[in-house]
2 protein chains.
Amino acid sequence: MSETRAPQGFGESLLYLTDEQLRQGIEAMFFAYRGFTADPDRILDDLAYGRAHHRAVHFINRAPGTTVNNLLAILGVTKQSLNRVLRSLIEDGLVESRVGTADKRERHLYLTERGKALETRLSDAQRARMRAAFREAGPEAVSGFRQVLEAMMDPDMRRAYTRLRDNG
Amino acid sequence: MSETRAPQGFGESLLYLTDEQLRQGIEAMFFAYRGFTADPDRILDDLAYGRAHHRAVHFINRAPGTTVNNLLAILGVTKQSLNRVLRSLIEDGLVESRVGTADKRERHLYLTERGKALETRLSDAQRARMRAAFREAGPEAVSGFRQVLEAMMDPDMRRAYTRLRDNG
DNA sequence: AGCATATGTCAGCCTTGTTGACATTCCAAG
DNA sequence: CTTGGAATGTCAACAAGGCTGACATATGCT
């Protein structure tokens with residue numbers, strides 16, 4: 001495609017853009033994501049829930065009262081797919097769906113106490129790994145980690161991410 | 001769990017370990033991984049292949065002649081799951097499976113020319129995004145990015161990752 | 001009144017993961 | 001030389017969680 005090697009004569013400044021460095025970045029993402037999801041996945045396995053339930057629970061906890069449409073946009077799935085997950089969470093009493101007051105077409109989503117308990121359990125596990133990684137790598141590395149990840153997002157997702165971050 | 005807030009009196013040094021910072025890291029991983037896979041996914045959709053095919057093609061290209069068992073360990077799936085993917089790639093003439101010479105039980109996997117062409121197309125797309133992100137974030141950030149990701153991997157995966165990296 | 005929006009639901013399909021069972025081939029230890 | 005175990009392949013069945021398409025309902029807006 002382009003830029004197979006850093007141009008000669010530019011010293012070390014662009015060495016991190018060689019195909020080899022880029023491939024290492026790609027593989028790092030692949031292996032790290034596996035670690036990232038491993039701990040919650042183990043917990044979810046015992047509960048007949050999957051990663052999709054985790055994501056829903058995470059973002060409902062993050063923005064209580066969010067609407068279904070909102071959640072669809074953040075998760076990037078179809079309403080049918082989300083609905084299946086949401087239905088089981090509501091049936092099991094982890095999520096509550098309240099008809100909107102201003103606009104009665106909307107359903108606002110909240111975690112119940114049991115839902116909050118699961119969210120805490122899952123995110124404790126995930127945070128523990130993230131904390132260990134952050135501690136091992138140090139503050140400078142953490143800053144770089146976030147900068148690169150932000151730059152890798154699609155613009156829409158980056159907006160969603162910063163909105164969540166800044167409203168937190 | 002623990003360490004809900006950075007301990008008082010430690011100044012700013014541990015602020016990146018607050019639950020809020022950790023949650024931002026978690027969400028960054030989630031949104032960034034979506035971007036990370038988006039471009040290859042679009043290409044694969046047109047070809048009736050999925051992410052699993054991409055992963056297989058990537059690692060066969062990375063280590064030509066690797067055995068099925070090797071690939072299983074790296075991908076972290078069952079042989080049945082990998083076999084389905086591998087079979088279609090072999091049938092379609094993208095991957096060649098050669099019986100081992102030293103140990104004839106083993107099958108050594110190679111990309112054909114067509115397989116290499118697909119690999120190039122997929123990784124070009126993925127590298128382009130990674131390159132843009134690296135360039136935007138800068139070399140210091142890239143270093144931190146990789147440090148945190150490495151620290152997030154399971155030990156086994158970290159070994160696989162560094163082995164691939166150092167043999168490259 | 002009529003169109004658009006938000007949501008839910010049914011049916012069916014695909015990919016990709018799983019487990020279990022079993023055959024084949026081959027190496028290596030007894 | 002026989003036998004056990006390892007590596008591989010294959011078949012079957014199943015589940016999660018994506019997808020599309022179609023349709024119903026309630027509500028809001030013009």
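Numbered from 1 within each chain, the chains take letters A, B, ... in sequence-line order.
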What does [X] touch in the nucleic acid at a heavy-atom separation under 4.0 angstrom: a base, only the sugar-phosphate, or nothing?
| X | value |
| --- | --- |
| H108(A) | nothing |
| A56(A) | nothing |
| G76(A) | sugar-phosphate |
| A102(B) | sugar-phosphate |

Side chains of [X] and [Y]: do they bring a donor and an acceptor to under 3.5 Å?
| X | Y | value |
| --- | --- | --- |
| H53(A) | S88(A) | yes |
| Q21(B) | R127(A) | no |
| E27(A) | H58(B) | yes |

Item checked: Joint cluster assignment, Y110(A) & I74(A), ILVMFWY side-chain distance < 4.5 Å -> no

Note to self: Does dT7(C) have its OP1 or OP2 closer than 4.0 Å to a side-chain nitrogen or oxygen of N69(A)?
What the structure shows: yes

Any carboxylate oxygen within less than 4.0 angstrom of a Lys/Arg side-chain nitrogen, looking at [X] and [Y]?
| X | Y | answer |
| --- | --- | --- |
| E119(B) | R114(B) | no |
| E106(B) | K104(B) | no |
| E136(B) | R158(A) | yes |
| R42(B) | D45(B) | no |

Distance, rounded to the nearest Å, where [X] contributes [atom1] and [N] contributes [atom2]:
| X | N | atom1 | atom2 | result |
| --- | --- | --- | --- | --- |
| H54(B) | dT15(C) | NE2 | C1' | 16 Å |
| D103(A) | dA4(C) | CG | P | 17 Å |
| E106(A) | dA4(C) | CD | P | 19 Å |
| L44(B) | dC14(C) | CG | C1' | 14 Å |
| L86(B) | dG17(C) | CG | C1' | 16 Å |

Item checked: F30(B) ring center near Y33(A) ring center (under 6.0 Å) -> no

Checklist line | 5' precedence on DNA chain D between Y49(A) and R87(B) (nearest-nucleotide basis) | finding: R87(B)

Next item on the list: Identify, between R105(A) and R51(A), the residue whose nearest nucleotide on DNA chain D lies closer to the 5' end.
Entry: R51(A)

Margin query: For a 4.0 angstrom threshold against heavy atoms of chain A, report the outermost contacting nucleotides of DNA chain D in 5' to 3' order.
Written below: dG17(D) to dG28(D)

Checklist line | Any residue of residues 78-85 of chain A with a heavy atom less than 4.0 Å from an atom of DNA chain D | finding: T78(A), Q80(A), S81(A), R84(A)

